[in-house]
Participant: 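Got a structure for you, written out below as structure tokens; questions coming shortly.
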Amino acid sequence: MKVIEFENVSKLYSLGKIGTGTLGRDLARWWKMSVLQKEDPYLKIGQTNSHNQKNDTGFVWALRDINFKVNQGDVVGIIGKNGSGKSTLLKILSHITAPTKGEIRSKGRIASLLEVGTGFHPDLTGRENIYMNGAILGMTKQEITLKLDEIVHFSGIARYIDTPVKRYSSGMNVRLGFAVAAFLEPEILLVDEVLAVGDAEFQKRAIGKMKSVSSEEGRTVLFVSHNMNSVLQLCNRGVLLNDGDFILEGEVNEVVSQYMSSLVTHSEFKGIDGDINSIYIKSAQVKSDNELEQFYFHTSSTITIKLEVVIKKKLPKLEIGFNLYSQFGTTLSRSDFNDLNNEDSLEPGRYLLEFRIPPDTLSYGRYIIKFEIGQLRKTIPTPQSYLHFEIHRSPKTQGPVFMGQHPKVASVIRGRWISDCICLEKFC
């Protein structure tokens, strides 16, 4: 049964000053948009909601012609880059703002957690805000009282429940806000990126609760997040937005795959990076042993790093290697060509080097590879030779997986290039 239906939903925002500048043009704009149901006459054709493009019209489409349906019990992950219209979509559904065009039809009570402290009065205590939010959702005082102990226990802030929420930290606000939204039994639950404010333990409990309210209680959840692991773990459907436009709706794996493939992942480099007269990197690539994994890998994948180097003249004490960094810039490991080859110098030519990271070595997350070439204590700058890749939790993984640096990562990765330096072409 369909509980939410978006039909040609569009939202236009005015940048800077509100209005067109004159009363006559304001009335003409209102007539064409509200009465004749036509597009804004003062918006240039083709103007998009892109952060990278200069906007000289004063108007921008945050959403444009959004059409999709949500069934009862679905957990829908709404994904896309910043500025794609995800939060605007939830705000329209929550009746915080109205669509410029189109219509949204929904069945049942809606509870939303869109920002830290949404719906809370700062001068009321946590307990008083629970009753106020329940009343807004249409519940009686007796119904709220029956749920009160569960809400307080889940939030984990029982000690501060009679303290005004203006004295709460952002994490405490999120804990109480989510507990209220989840336990006061709305038919539709809207959750924006606010869970990222909570600690890891609370995020795990919150995702577990959202799973249970959808699978066991048949309630519908719309979940906005930039954490693809959480989306894959929680959602069964996905919606992809880009610059306010609807791109794709379908199974969550398919939607996430399309989103990741649209990002600039820099998993491959081609060009000339280094010193063209002595040594430079011609190409570099990071890939998985699974041909289906083109844009992101899994923890169970064997990851191969390939590097093609051109040496134009003999270099004493030659060094070719890479550093592996976490997404936060922490150095995890270092590997050098001279781990395997003890020669001081290679003949001029074009060489291929490979390195493999065994499966179940890196935890899920984003990683950066920075190649370095040159001579001992004299590195040749290679500003372009960065590779970025992302690892997701393997579907077959059981038990906990470390987030960030694996305790054994440095000892496992600091190993050997898997093959001798293969000479592809010798120079005279």
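Treat the numbers as computed from the prediction; the structure is a model and nothing was measured. Numbers here are sequence positions counted from 1.
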Participant: Nearest 0.5 Å please: distance from the CE atom of Met172 over to the CZ atom of Arg167.
Facilitator: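 Reported to 0.5 Å precision, the distance equals 11.5 Å.
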Participant: Side chains of Tyr131 and Thr145: do they bring a donor and an acceptor to under 3.5 Å?
Facilitator: yes
Participant: I need the minimum non-hydrogen distance between Asp162 and Arg127, along with the two atoms involved.
Facilitator: OD1-NE, 2.8 Å
Participant: Phe246 vs Phe68 aromatic rings, parallel, tilted or perpendicular, using cut-offs 30° and 60°?
Facilitator: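 If you compare the ring of Phe246 with that of Phe68, the planes turn out parallel.
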Participant: So Phe223 and Met210, do their side chains get closer than 4.5 Å, heavy atoms only?
Facilitator: yes
Participant: Determine whether Leu362 and Phe389 make a side-chain contact, defined as any pair of heavy atoms from C-beta on separated by less than 4.5 Å.
Facilitator: yes
Participant: Where the side chain of Ser10 meets the backbone of Asp65, is there a donor-acceptor pair that is under 3.5 Å apart?
Facilitator: yes
Participant: Please walk me through it: do Ile305 and Phe322 pass side chain to side chain contact (heavy atoms under 4.5 Å, CB included)?
Facilitator: CA-CA 10 Å; Ile305 301 163; Phe322 68 87; 3.8 Å; yes
Participant: Can you give me the closest heavy-atom contact between Leu241 and Ser84, atom names plus distance?
Facilitator: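 Closest approach of Leu241 to Ser84, heavy atoms only: O-CB, 3.5 Å.
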Participant: Return the minimal non-hydrogen interatomic distance between Val165 and Asn173, and the atom names on each side.
Facilitator: O-ND2, 3.9 Å
Participant: Of Asp192, Leu90, Val231, Leu240, which meets side chain to side chain contact (heavy atoms under 4.5 Å, CB included) against Ile78?
Facilitator: Leu90
Participant: Using a 3.5 Å cut-off and no angle test, enumerate the donor-acceptor pairs between side-chain atoms of residues 2-9 and protein atoms at least two apart in sequence or in another chain.
Facilitator:
from, atom 1, to, atom 2, distance (Å)
Glu5, OE2, Arg105, NH2, 3.4
Glu7, OE1, Arg105, NH2, 2.5
Asn8, OD1, Asn67, ND2, 3.1

Participant: Does any pair with a residue in residues 210-223 pass side-chain hydrogen bond (donor to acceptor under 3.5 Å, both in side chains), and if so which ones, sequence neighbours excluded?
Facilitator: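 Matches after skipping sequence neighbours: Glu217-Arg219.
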Participant: For the residue pair Phe355 and Ser335, what are the closest heavy atoms and their distance?
Facilitator: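 It is CE1-OG, 3.5 Å.
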Participant: Using a 4.5 Å cut-off on heavy atoms from C-beta on, say whether the side chain of His121 contacts that of Met132.
Facilitator: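 Of all side-chain heavy-atom pairs linking His121 with Met132, at least one is under 4.5 Å.
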Participant: Taking the side chain as C-beta and beyond, is there a heavy-atom pair between Thr302 and Ser288 under 4.5 Å?
Facilitator: no
Participant: Between Glu187 and Lys107, is there a side-chain N and carboxylate O pair less than 4.0 Å apart?
Facilitator: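 Salt bridge absent between Glu187 and Lys107.
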Participant: I'd like to know whether the aromatic ring centres of Phe154 and Phe183 sit less than 6.0 Å apart in this structure.
Facilitator: yes
Participant: Distance check, rounded to the nearest 0.5 Å: Ile373 atom CD1 versus Ile279 atom CD1?
Facilitator: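 Taking CD1 in Ile373 and CD1 in Ile279, the distance rounds to 4.5 Å.
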Participant: May I ask you to say whether Arg334 pairs ionically with Glu372, meaning some side-chain N is under 4.0 Å from a carboxylate O?
Facilitator: yes
Participant: Around atom NE2 of His226, are there more than 12 heavy atoms of other residues, nucleotides or ligands at under 6.0 Å?
Facilitator: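 Counting neighbours around NE2 of His226, more than 12 heavy atoms of other residues, nucleotides or ligands fall under 6.0 Å, so yes.
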Participant: Quick one: does Asp74's side chain get under 4.5 Å of Leu222's, heavy atoms only?
Facilitator: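 Of all side-chain heavy-atom pairs linking Leu222 with Asp74, none is under 4.5 Å.
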Participant: Within the side chain of Lys11, is there an N or O that forms a donor-acceptor pair under 3.5 Å with the backbone of Thr88?
Facilitator: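 No.
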Participant: Taking atom types as modelled, find out whether Ser283 and Lys306 have a side-chain donor-acceptor pair closer than 3.5 angstrom.
Facilitator: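 No, Lys306 and Ser283 have no side-chain donor paired with an acceptor closer than 3.5 Å.
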Participant: Side-chain contact, heavy-atom cut-off 4.5 Å: Tyr168 with Asn129?
Facilitator: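 Sidechains of Asn129 and Tyr168: no contact.
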Participant: Please determine whether side chain to side chain contact (heavy atoms under 4.5 Å, CB included) holds for the pair Tyr280 and Ile272, giving the CA-CA distance in whole Å, both sets of side-chain angles, and the decisive distance to 0.1 Å.
Facilitator: CA-CA 6 Å; Tyr280 62 86; Ile272 296 177; 3.7 Å; yes
Participant: Ignoring hydrogens and angles, tell me if any N or O in the side chain of Glu150 forms a donor-acceptor pair with the backbone of Lys147 under 3.5 Å.
Facilitator: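 No; judged by distance alone, with no hydrogens or angles, the pair does not exist.
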Participant: Could you measure the distance from the OG atom of Ser363 to the CD1 atom of Ile391? Nearest 0.5 Å is fine.
Facilitator: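 One gets 7.5 Å once the value is rounded to the nearest 0.5 Å.
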Participant: With the side chain counted from C-beta on, respond yes when Cys235 and Val75 share a heavy-atom pair under 4.5 Å apart, and no when they do not.
Facilitator: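 Cys235 reaches Val75 side chain to side chain.
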Participant: If you round to the nearest 0.5 Å, how far is NZ of Lys91 from CD1 of Ile96?
Facilitator: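 Ile96 CD1 to Lys91 NZ: 6.5 Å, rounded to 0.5 Å.
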Participant: Show your working on side chain to side chain contact (heavy atoms under 4.5 Å, CB included) between Val76 and Val221 and close with a plain yes or no.
Facilitator: CA-CA 6 Å; Val76 181; Val221 179; over 6 Å; no
Participant: Going through the checks in order, is the side chain to side chain contact (heavy atoms under 4.5 Å, CB included) test met by Ile79 and Val255?
Facilitator: CA-CA 9 Å; Ile79 61 176; Val255 175; 3.8 Å; yes
Participant: Which heavy-atom pair separates Thr125 from Ile161 by the least distance, and what is that distance?
Facilitator: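 For Thr125 versus Ile161, the nearest heavy atoms are CB-O, 3.7 Å.
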Participant: So which atom in Ala179 and which in Ser155 form the shortest heavy-atom distance, rounded to 0.1 Å?
Facilitator: CB-CB, 4.0 Å
Participant: Distance check, rounded to the nearest 0.5 Å: Leu387 atom CG versus Phe371 atom CZ?
Facilitator: 4.5 Å
Participant: Please examine the side chains of Val239 and Leu248, heavy atoms only from C-beta on, and report whether any two atoms are closer than 4.5 Å.
Facilitator: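 No, every pair of side-chain atoms sits at 4.5 Å or beyond.
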Participant: Closer than 4.0 angstrom, basic N to acidic O: yes or no for Lys81 and Asp243?
Facilitator: yes
Participant: Can you tell me how far apart CG (Leu93) and CD1 (Ile188) are? Round to the nearest 0.5 Å.
Facilitator: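 Interatomic distance, Leu93 CG to Ile188 CD1, rounded to 0.5 Å: 6.0 Å.
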